[in-house]
Amino acid sequence: MPIHNQDIAGIFDTVGDLLDIKGENPFRVRSYKNAARAIEEMSQNVTEMVDKHEDLTKQPGIGKDLSQKIEEIVRTGRLEYLKNLTKEVPLSLLDLLKIETLGPKKVGKLYQELSIRDLDSLEKAIDEGEVKELEGFGEKTVEKIKTEIERIRSSPQERRFLLAAAEKIVSSLLEELEKIPSVDRIIIAGSYRRRKETVGDIDVLVTCDDPETVMERFVSYEDVTTVISHGSTKSSVKLRSGRESDLQVDLRVVPDESYGAALHYFTGSKAHNVAVRKRAVSKGLKINEYGVFRDDEMLAGKTEEAVYEQVGLPYIEPELREDRGEIEAGLNGNLPELVTCEDMKGDLQTHSTESDGKNSIEEMARAAIDMGYEYFAVTDHSQRVSVAGGMDEKRLAKQIDYINSIQEKFSDFTILKSIEVDILEDGTLDLPDSILKELDIVTCSIHYNRNLSYEKQTERILRAMDNRYFNILAHPTGRLIGSREPYQFDLEKVMQAAVEKGCFLEINAHPERLDLNDTHARMAKEMGLKLTISTDSHSTANLKNIRYGISQARRGWLTRDDVLNTRPWSEVKKLISR
DNA sequence: GCCGTTTTCGGCCCGACTGTTTTCAGTCG
């Protein structure tokens, strides 16, 4: 198995944390952290770059030392430097960093002074009264640590929230805040606004000339379970989510003249902000959440556009703000004009009552028309997916006749005869060519035999794509966010084959799938592969999920041209013909 | 450890809140 970018990133992240605990130069720590993030978000596979002897130091944040360490990890699967480091600073200390209120300095102190190296020894030291004797550790800190140990033991892994889930949880809180008369503007910033597939917390920005009232109402809201902090312009709470862990919400109030600067600041990402502020510094300017300043003079702040303008940049869409090259693209005038929901002309994966959908084909068609579409594809399951009532050849033939019979009820709207046909273990398709050739478009996907080896799974998909009726690979990696890992295969090879054979891959817009993800989408774009964005709807309401797919496409830098189903059916038809 | 439109050395983004101390370090985002 090749070394993945995440493996390298994980090692550098760990080194950064350990150096931090050790009390090393904080900028050195930051170098490891920055490199970890950069590698994790790169669309190219680092292992392959090493194999091809590409110069890694060309990557921002990677210098001579780190590029050598990367090569060592790729070659040996490990890093000698990390191994030696753990002799001085044990790995188990990383568990202590998960305790809110404990950072690297305090963890370092616990280790140095009391030889505490994990949750158990920390708890013991607290019980024996040793911790509160340490300088910087008072009664409140010790109490906080105790409740944090409880929390971590009861739910060991930090759960992030699906974008769609967070949206629901926070909506009633926003309604409550909107009722306050002095509140002017209210918007969610942070990773939510950048449309990341999951969010760790919610950042709410409010403009208002009466911050105290807003803060008071915020911390006393009925669903608040914990008040983490409560200041005059900034407060944080935990909000009941109906799940094992609560959702943290940070609220920030700024005056209206700072709206743009604050929105930019709290939208992030952190890396993007750092890059923008660096540019400001080089121009003798300072950017903070209140505005852009030269000495004490405020030059901009009311809008984000004005903030960017001060540092010589055009407006950058929130989905691009990850420091993945958007600053350079902005400077060179190469920012992509991102695909929008309005660009979409049709949905290419939907289900009806014929298999496991909740609405009839006609109901789905009416809903698709309401979405402003010109066409949609009926892609019920094939026979292999028996639990979902998958169709055999005979039933599919009947469905084709049925769709032909109702088509005339619709003017200027096309119901595409299609299917989501299973890719069997040997790479053949679940229905014969004789029926597939009767369809307008064929979507293929994997539901079974998910555990094949990397090589076999890759081979299976490539073989399926050899079938001339194969048009689209649906939910290509098979992952479910937070609950099911992708199956193992060579995605880049599959994408390359798709380009050569004239196939397409899907961005499945279901909030739990988002498959392909943003990084994959960017990779496809760079390879010249066009993608489809479809909802996999099992009801009329699901069609609206298209926006989640669009968000990920935008995060992957896709334009209207990069997406197949932004085109009218006549053009799609030409492009898919093999 | 990285980086360079003043630089190959000397910088490295910025501010609010908390708790522990009485002016600030640590944490967090």
Side-chain angles (χ1 to χ4, degrees), chain A residues 12 15-16 19-21 23-38 56-70 81 96-110 131-145 148 189-192 199-205 211 215 219 227-237 248-254 258 261-262 264-293 307 311-312 323 327 331:
Chain A
F12 283 171
V15 171
L19 289 175
D20 210 359
I21 292 170
E24 266 280 358
N25 176 355
F27 298 107
R28 195 167 162 229
V29 172
R30 192 189 294 170
S31 293
Y32 279 97
K33 293 273 180 182
N34 285 346
R37 200 198 57 85
L56 294 172
T57 64
K58 292 226 169 69
Q59 300 294 322
I62 312 283
K64 203 172 156 207
D65 182 87
L66 289 184
S67 92
Q68 280 175 1
K69 288 192 166 77
I70 291 171
Y81 176 65
L96 301 185
L97 282 181
K98 292 181 191 144
I99 294 175
E100 228 169 273
T101 192
L102 284 190
K105 295 286 184 297
K106 284 202 163 83
V107 169
K109 190 155 202 158
L110 290 168
V131 175
K132 67 173 194 291
E133 299 301 320
L134 287 181
E135 198 186 338
F137 289 77
E139 209 168 316
K140 282 190 170 173
T141 305
V142 171
E143 275 311 305
K144 173 79 179 167
I145 293 173
E148 279 287 295
S191 52
Y192 179 95
V199 299
D201 61 12
I202 292 284
D203 302 289
V204 184
L205 179 66
M215 288 304 166
V219 299
V227 177
I228 300 165
S229 68
H230 181 181
S232 56
T233 66
K234 183 182 178 226
S235 298
S236 297
V237 302
Q248 179 165 337
V249 183
D250 300 330
L251 178 71
R252 189 62 192 266
V253 181
V254 297
S258 294
H264 180 257
Y265 184 90
F266 291 109
T267 297
S269 66
K270 188 176 171 177
H272 173 86
N273 286 355
V274 168
V276 170
R277 267 179 257 146
K278 264 187 191 165
R279 280 194 58 77
V281 170
S282 73
K283 290 174 175 295
L285 305 173
K286 184 181 78 168
I287 299 184
N288 57 28
E289 59 262 58
Y290 301 109
V292 183
F293 298 87
V307 172
V311 292
D323 194 26
I327 308 271
L331 291 172

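Reminder, nothing fancy here: chain letters follow the sequence lines and each chain counts from 1.
- When each of B:dT27, B:dG15, B:dC17 is scored by its nearest atom to the side-chain atoms of A:S229, the top-ranked nucleotide is B:dC17.
- Rounded to whole angstrom, the span from the CG atom of A:L205 across to the P atom of B:dA16 amounts to 14 Å.
- When every heavy atom of A:F266 is checked against every heavy atom of A:A189, the shortest pair comes out as O-CB, 3.4 Å.
- At a threshold of 4.0 angstrom between heavy atoms, the contacts of A:Q248 are confined to the sugar-phosphate backbone, with no base atom among them.
- One cannot find a donor-acceptor pair under 3.5 Å joining the base of B:dG1 and the side-chain atoms of A:N34.
- Using a 4.0 Å heavy-atom distance criterion, A:V276 is classed as making no nucleic acid contact.
- Atom name C1', nucleotides B:dT27 and B:dT20: the rounded distance is 14 Å, in whole Å.
- When the C1' atom of B:dC14 is taken as reference, atom NE2 of A:H272 falls 15 Å away, rounded to whole Å.
- Using a distance-only test at 3.5 Å, with no hydrogens or angles considered, a donor-acceptor pair links the side chain of A:N288 to the main chain of A:G291.
- Straight-line distance from the NZ atom of A:K234 to the P atom of B:dC14: 17 Å, rounded to whole Å.
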Given the rule in the salt bridge (Lys or Arg N to Asp or Glu O under 4.0 Å) test, do A:K98 and A:E148 qualify, once you have shown the distances and angles that lead to the verdict? CA-CA 9 Å; A:K98 292 181 191 144; A:E148 279 287 295; over 6 Å; no
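- Regarding A:K144, its NZ atom lies at a distance of 15 Å from the C1' atom of B:dG26, rounded to whole Å.
- A:K270 and A:D323 are not joined by a salt bridge, as no carboxylate oxygen comes within less than 4.0 angstrom of a charged side-chain nitrogen.
- In this structure the side chain of A:I145 reaches within 4.5 angstrom of the side chain of A:L102, judged on heavy atoms.
- Within 4.0 Å of A:S282, counting heavy atoms only, lies no atom of the nucleic acid at all.
- Nucleotide B:dT6 carries an anti base; the chi torsion (O4'-C1'-N9-C4 or O4'-C1'-N1-C2) is more than 90° from 0.
- Across the P atoms, B:dC9 and B:dC14 are found 25 Å apart, a figure rounded to whole Å.
- Note: CZ (A:F12) to C1' (B:dC2) measures 13 Å, nearest angstrom.
- Among the protein residues, A:K69 comes within range of the sugar-phosphate backbone only, with heavy atoms under 4.0 Å from sugar or phosphate atoms but none that close to a base.
- Aromatic ring pairs are classed by plane angle as parallel below 30°, tilted from 30° to 60° and perpendicular above 60°; the pair A:Y81 and A:Y32 is parallel.
- In terms of position along DNA chain B, the nucleotide closest to A:R30 lies nearer the 5' end than the nucleotide closest to the other residue of the pair A:E139 and A:R30.
- At a threshold of 4.0 angstrom between heavy atoms, the contacts of A:K270 include nucleobase atoms, whether or not backbone atoms are also involved.
- Considering only the side chain of A:N25, B:dG1 comes nearest among B:dG19, B:dG15, B:dG1.
- A:P60 comes within 4.0 angstrom of sugar-phosphate atoms only, judged by non-hydrogen atoms across all strands, and of no base.
- Across the strands present, B:dC3 finds its partner in B:dG10; the criterion is a Watson-Crick or G-U wobble pair with both atom distances under 3.5 angstrom.
- Applying the 4.0 Å criterion to OP1 and OP2 of B:dC17, one finds that A:T233 has a side-chain N or O inside that range.
- Considering only the side chain of A:S31, B:dC2 comes nearest among B:dC2, B:dC17, B:dG19.
- In terms of heavy atoms, A:S229 sits closest to A:K234 at OG-O, 4.5 Å.
- One atom, NZ of A:K286, and another, P of B:dC12, lie 14 Å apart when rounded to the nearest Å.
- Taking atom P in both B:dG15 and B:dT21, one finds a spacing of 27 Å when rounded to whole Å.
- Side-chain nitrogen and oxygen atoms of A:K278 include none within less than 4.0 Å of the OP1 or OP2 phosphate oxygen of B:dC3.
- Residue A:V219 comes nearest to A:V227 through the heavy atom pair O-CG2, 3.8 Å, listed as atom of the first residue, atom of the second, then distance.
- Across the C1' atoms, B:dT7 and B:dG11 are found 9 Å apart, a figure rounded to whole Å.
- Whole-Å rounding puts the A:R37 CZ to B:dG29 C1' distance at 15 Å.
- As rounded to the nearest Å, B:dT6 and B:dC12 have P atoms that lie 16 Å from one another.
- If you check every strand for non-hydrogen atoms under 4.0 Å, A:Y265 touches a base.
- Nucleotides B:dC17 and B:dT23 are separated by 16 Å at their C1' atoms, to the nearest Å.
- Looking at heavy-atom distances under 4.0 Å, A:S232 makes contact with sugar-phosphate atoms alone, never a base.
- Both A:D65 and A:D250 sit near DNA chain B, but only A:D65 has its closest nucleotide nearer the 5' end.
- Taking every side-chain heavy atom of A:Y290 into account, B:dA16 is the closest of B:dA16, B:dC2, B:dG29.
- Listed nucleotides B:dT18, B:dC12, B:dT20 differ in distance to A:F27; the shortest reach to its side chain belongs to B:dC12.
- Between A:T141 and B:dT20 there is a side-chain polar atom (N or O) within less than 4.0 angstrom of OP1 or OP2.
- If you take CG of A:L102 and P of B:dC28, they are 8 Å apart, rounded to a whole angstrom.
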